[in-house]
Amino acid sequence: MDVAKLRVNGKRLRGTLEEMAKIGATPAGGVQRLALSDEDKRARDLFVGWLKELSLEVSVDEMGNIFGRRAGRSNNLEPVMMGSHIDSQPRGGRFDGILGVMGALEVMRTLHENQVQTERPVIIVDWTNEEGSRFAPAMVSSGVWAGALERDWAYGRTDINGQKQGEELARIGYQGKLPAKKWPTHAYYEYHIEQGPMLERQGRTIGAPKGILCLHWYDVYLAGEANQVGPTPMEGRHDALVAAAEMILAVRALPARMGGNMVATVGEIQNYPNSRNIIPDRVHFTVDIRSWDDEHALKSWDLLKKDFQDIAARHGTPIEIDETWRVAHAPFDEKLVQRVLETAGQLGCSSLHMVSGAGHDASYMNQVCPTAMIFVPSIGGRSHVEVENTRWEDCEAGANVLLHCILKTAGEK
Ligand SMILES: [Zn+2]
């Protein structure tokens, strides 16, 4: 058989995505499949069943990462890996993460039904808790697997209700025995929606990011003094929420102040006791800073931290800061990125060389082996929202690019 003519089954891929989208479906057309929730478990069970239908060798490691291995001709050669994540944001979309896992599954199905034998083994993977919205940080399990994060630290991370990540992993039955420890890998591909507007704006189908921005996460805790809002004069208040508001504006102003080349966001805030007639005495909020230039991001943070301390002092609201998580920017393997662009061209797809502003498991995989990603357009550039959408033709096109990148890379001796 001429493998160059092989194509995935776009209709089957669509059916698979639609079936997955029922698990945790939200009324406005999105999904909510938080890491290690009951919905995550149901989606995993379905996925594992599909892997077994293809007679893949399925294993689950102690972080709940699910692997399906397809033997090659030379099983002593390092495998090629592909995958993404099944978990979602709260009220997230139907494509983020899951497209990369179901796209990889479609590649496996295509290889299987055409009885293609690759030189190297091929492994499909679902990484646990990529999103980090229930348990911070994000990409935690690829991080542990890659050796960048500690397993026990990851187990101890808690959600907003105080539940521990390790216990939730055990509760849903996905705390495997296999050590979450990298093995020698020939290459890793991650297929994903773009989550931004560039492909759509430029009318291109396939994006090949040259890498991922650095990602720095901080948690800020402020303490104020609660009191009845009526009788308490404005002078001398210690209002933690007002202090936080000033800090949030400082975050918003930071990129312009630094001359661009970065983004900075406060996305989450908890205010206590959150009552209209009590002065807030406790506030927690998050800061997210991203740039292609790690030093630039760190320098920005130093300035911002100083601002925060000044603001806190002025309001008499003591501040505590956790430097929760930092991932350096990840420049992908140039040869692999070129392969994505080339393959898109061979399949008749337009393409764009770009950067990824979103973090992905590929960031940690890039520390293990040559890595590249394949992007397809997000309609309206929207993601992490229920209206997140990608055209079915584009889903199919991206899966075909993945298929042929895998065929080439898994064919290398
Ligand atoms: Zn994702």
Side-chain angles (χ1 to χ4, degrees), residues 16-17 20-21 23-24 26 30-37 39-40 43-44 47 63-66 81-105 124-143 145-146 188-199 206-209 211-215 217 263 265 267 288 290 325 327 330 332 354-366 371-390 394-395 398-399 402:
T16 311
L17 285 162
M20 266 293 173
I23 303 177
T26 58
V31 297
Q32 175 154 322
R33 215 162 34 223
L34 296 183
L36 312 181
S37 61
E39 291 77 23
D40 187 8
R44 286 163 174 268
F47 174 56
M63 286 305 297
N65 297 318
I66 301 171
M81 290 176 67
M82 58 178 172
S84 193
H85 60 97
I86 280 180
D87 71 317
S88 87
Q89 288 282 323
R91 291 204 207 142
R94 291 172 298 145
F95 295 90
D96 177 3
I98 196 71
L99 175 63
V101 185
M102 298 302 105
L105 177 69
I124 179 172
V125 55
D126 161 40
W127 299 110
T128 297
N129 185 20
E130 188 277 342
E131 295 292 358
S133 49
R134 181 176 176 201
F135 306 96
M139 293 137 57
V140 67
S141 305
S142 54
W145 193 83
Y188 174 71
Y189 288 100
E190 185 162 347
Y191 173 30
H192 207 279
I193 52 167
E194 180 198 350
Q195 306 186 278
M198 301 314 288
L199 289 172
I206 300 295
I212 301 180
L213 303 184
C214 79
L215 225 161
W217 278 10
V263 289
T265 310
D288 175 308
R290 305 182 190 206
W325 184 48
V327 192
F332 289 153
M354 55 191 301
V355 291
S356 173
H360 297 288
D361 294 303
S363 206
Y364 282 127
M365 284 308 285
N366 193 52
T371 292
M373 292 190 75
I374 299 159
F375 281 173
V376 286
S378 295
I379 296 175
R382 303 285 307 279
S383 182
H384 282 187
V385 288
E386 290 170 280
V387 299
E388 176 183 281
N389 205 356
T390 291
D394 293 343
C395 293
L402 177 64

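What's counted below: heavy atoms across the whole structure, side chains too, no hydrogens, waters or symmetry copies. Ligands are counted one by one from 1 in listed order, and the atoms in each one are counted from 1 as well.
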Q: Over 60° means perpendicular and under 30° means parallel, so classify the ring planes of W325 and Y364, tilted if in between.
A: tilted
Q: Could you tell me which residues satisfy salt bridge (charged side-chain N to carboxylate O under 4.0 Å, His left out) with R44, sequence neighbours excluded, listed by chain and number?
A: D40
Q | Worked verdict on D96 versus H384 for side chain to side chain donor-acceptor pair (under 3.5 Å) | A | CA-CA 7 Å; D96 177 3; H384 282 187; 3.0 Å; yes
Q) For F47, which of I98, V101, T16 qualifies under side-chain contact (heavy atoms from CB on, under 4.5 Å)? A) V101
Q: Work out how many protein N, O or S atoms lie closer to the Zn ion (ligand 1) than 2.8 Å.
A: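 For the Zn ion (ligand 1), the figure is 3.
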Q | Closest contact, heavy atoms only, M139 versus S363 | A | CE-CB, 3.6 Å
Q: Mind listing the closest non-hydrogen atom pair of R33 and M20 along with its distance?
A: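 Looking at all heavy atoms of both residues, the closest pair is NH1-O, 3.0 Å.
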